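Okay, so here's the structure we're looking at.
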There are 2 protein chains.
Amino acid sequence: MKARTRLRARPGLVLRDDDAGATPLRDDDGRPKQQVKAHERKLTDALTAKIALHQQMLFSQRKRKVLLVLQGMDTSGKDGTVRALFSRINPMGLRAAQFRAPTAEEAAHDFLWRIHPHVPGAGDIAIFNRSHYEDVLVPRVQKLIDEKECKRRYAHIADFERMLAETGTVIVKVFLHISKDEQRKRLQARLDDPEKQWKFDDNDLVQRKRWDDYQDAYQRAIGATDADHAPWYVVPADSKTHRNLLIARLLLDVMEGLDLRFPDTDARLSALKVE
Amino acid sequence: MKARTRLRARPGLVLRDDDAGATPLRDDDGRPKQQVKAHERKLTDALTAKIALHQQMLFSQRKRKVLLVLQGMDTSGKDGTVRALFSRINPMGLRAAQFRAPTAEEAAHDFLWRIHPHVPGAGDIAIFNRSHYEDVLVPRVQKLIDEKECKRRYAHIADFERMLAETGTVIVKVFLHISKDEQRKRLQARLDDPEKQWKFDDNDLVQRKRWDDYQDAYQRAIGATDADHAPWYVVPADSKTHRNLLIARLLLDVMEGLDLRFPDTDARLSALKVE
């Protein structure tokens with residue numbers, strides 16, 4: 001089954017902790033965990049090489065645009081995914097944008113204002129590490145916006161994404177699904193590891209207390225904004241190597257679907273002699 | 001009659017040269033032209049002072065946003081309007097953006113991409129000297145886009161403007177309506193005046209040859225995108241002084257409608273002694 005089909009968010013999605021665990025690879029049953037991880041890394045490497053080739057063709061054609069949206073709870077692996085999958089990609093055609101809590105200037109504008117400048121141009125892949133979806137998650141859980149305003153934002157997002165899709169953007173929205181217990185382990189690891197402690201933010205614990213509210217806000221946002229031209233994918237992310245492998249498969253599947261190739265050669269240019 | 005009502009684009013708008021002439025002020029009948037112009041300048045000055053006061057209240061409240069879109073044929077007076085009306089406004093709360101032929105990077109994106117960063121934040125007035133409407137005018141007249149794509153862009157504009165309106169933006173769209181003969185005079189004046197010749201562009205004559213096509217494209221764009229939350233106003237612009245007066249009246253009328261005031265004072269701050 002294609003990754004696009006397998007990972008696509010189902011209507012009426014319910015985010016359960018059980019689904020965050022890695023689905024073992026079919027041929028990995030019974031193998032030791034470390035061996036499975038090594039195997040998954042090897043498969044992912046091979047896929048990222050193929051993704052890099054497709055990205056070159058995308059860039060050479062300068063027609064299509066690819067937008068990868070990464071969302072997920074704290075420690076769900078957004079940074080890790082970017083590092084693992086995109087270190088081989090030509091930075092000229094790659095734009096990574098990170099969206100934190102809005103600044104005063106950003107908050108003074110509609111919530112899409114800070115997003116729009118970062119959408120991909122023709123030939124580009126853009127990665128959003130967090131995105132416009134933050135604005136239907138954090139303020140909703142904190143009750144800074146009511147249900148009516150939240151639904152209006154879903155509609156604004158839907159309009160915006162449809163416009164992007166109709167102007168040549170292939171949108172891939174990924175929810176990195178970790179379990180509450182996996183987050184506990186990862187936060188504890190940040191606290192315990194002197195080299196990781198800088199990543200820890202007191203606010204992470206505040207948000208963690210609202211875990212169920214966030215899962216609910218995610219479910220609803222995903223349900224309200226999933227569309228064939230802007231699909232959501234739910235990736236089990238308790239295992240990092242498995243998560244990377246699944247997203248690599250998904251991205252390659254999407255890019256193969258674009259039927260990319262290098263442009264035809266120009267006879268005049270082919271005949272040109274540099275003097 | 002309020003300026004908003006008087007100047008509002010009518011359904012089934014037809015742009016006729018006759019309507020580009022200045023409607024004489026009621027009490028100006030029979031007065032010499034220069035005297036009328038002087039009177040109009042004086043009235044406009046008084047209005048811009050009032051607009052400046054409303055802008056201060058807008059800025060102090062940091063709630064509403066005002067977007068003034070200026071569109072019109074070459075020489076229709078977009079630059080002149082900005083100079084005449086906004087030289088008194090606090091630059092901190094004023095953003096003027098000019099949109100020329102798209103760069104390669106801009107053309108590689110959806111047509112709203114280069115627009116969005118310039119929309120007003122809370123408390124701001126933004127002026128668009130040309131705008132996203134260029135993308136349903138130039139490419140349509142030059143047949144770079146077909147009717148279907150043009151209608152899709154109208155819909156994208158409508159979605160975008162509705163979103164801006166729903167997030168607190170008061171949109172005022174002004175078409176500066178000049179006659180073909182007035183443009184001839186103004187272009188000739190540019191050619192004849194050594195200090196103005198730099199403004200002349202050969203492309204102006206190319207566009208002038210498509211006058212009727214542009215009028216048609218404007219009519220259709222205005223008809224397709226006029227809405228109560230994003231209204232179009234058609235301002236007779238053959239007379240510069242009359243044009244400025246009409247737009248000043250319109251803008252003041254709009255801002256008075258916002259019921260702006262300065263924020264309540266804070267008792268703690270009022271009692272504070274600076275040491």
Side-chain angles (χ1 to χ4, degrees), chain A residues 58-67 92-93 95 97 102-126 132 135-136 139 145 148-171 229-230, chain B residues 58-67 92-93 95 97 102-126 132 135-136 139 145 148-171 229-230:
Chain A
L58 180 82
F59 190 73
S60 71
Q61 287 187 329
R62 291 218 157 273
K63 280 170 68 178
R64 304 305 298 270
K65 309 151 186 175
V66 175
L67 172 60
M92 270 298 293
R95 327 237 162 227
T103 64
E105 196 193 10
E106 288 170 348
H109 291 81
D110 67 85
F111 72 97
L112 297 169
W113 178 80
R114 65 171 184 161
I115 304 295
H116 211 155
H118 300 281
V119 303
D124 291 338
I125 297 177
H132 41 300
D135 291 281
V136 289
I145 59 171
K148 193 177 160 195
E149 171 63 15
C150 191
K151 284 189 173 158
R152 202 150 66 172
R153 290 189 184 187
Y154 291 156
H156 292 161
I157 289 174
D159 288 342
F160 179 65
E161 292 182 349
R162 192 178 58 248
M163 184 276 292
L164 292 179
E166 289 183 0
T167 52
T169 310
V170 179
I171 303 173
H229 60 268
Chain B
L58 181 82
F59 190 73
S60 72
Q61 287 187 328
R62 291 217 159 275
K63 280 170 70 178
R64 305 305 298 271
K65 309 151 186 176
V66 175
L67 172 60
M92 269 299 292
R95 327 238 162 227
T103 64
E105 196 194 9
E106 288 169 349
H109 292 81
D110 67 85
F111 72 98
L112 297 170
W113 178 80
R114 64 172 184 160
I115 304 295
H116 210 154
H118 300 281
V119 303
D124 291 339
I125 298 177
H132 42 299
D135 291 281
V136 290
I145 59 171
K148 192 177 159 196
E149 172 62 16
C150 191
K151 285 189 172 156
R152 202 150 65 171
R153 290 188 184 187
Y154 293 154
H156 292 161
I157 289 175
D159 287 342
F160 180 64
E161 292 182 347
R162 193 179 58 249
M163 183 277 291
L164 292 180
E166 289 183 358
T167 52
T169 310
V170 179
I171 303 173
H229 60 269

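These numbers come from a predicted model, not from an experiment. A, B, ... follow the sequence lines: proteins, then strands. Residue 1 opens every chain.
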Handout entry: Closest non-hydrogen atom pair between Asp110(A) and His116(B), with its separation
Key = OD1-NE2, 3.1 Å
Practice task
Determine the sole option in Arg152(B), His156(B), Arg153(B) for which the side chain to side chain contact (heavy atoms under 4.5 Å, CB included) test with Met163(A) is passed.
Solution key: His156(B)
Handout entry: Under 4.5 Å from a heavy atom of chain A, the part of Leu112(B) involved
Key = both
Problem - Part of Arg114(B) lying under 4.5 Å from any heavy atom of chain A - result: neither
Completion exercise
From the list Ala107(B), Ala108(B), Ala122(B), the residue making the most non-hydrogen contacts under 4.5 Å with chain A is Ala108(B)
Fill in the blank from the handout: Rounded to the nearest 0.5 Å, the NE2 atom of His109(A) sits from the CG atom of Asp124(B) at a distance of 6.0 Å
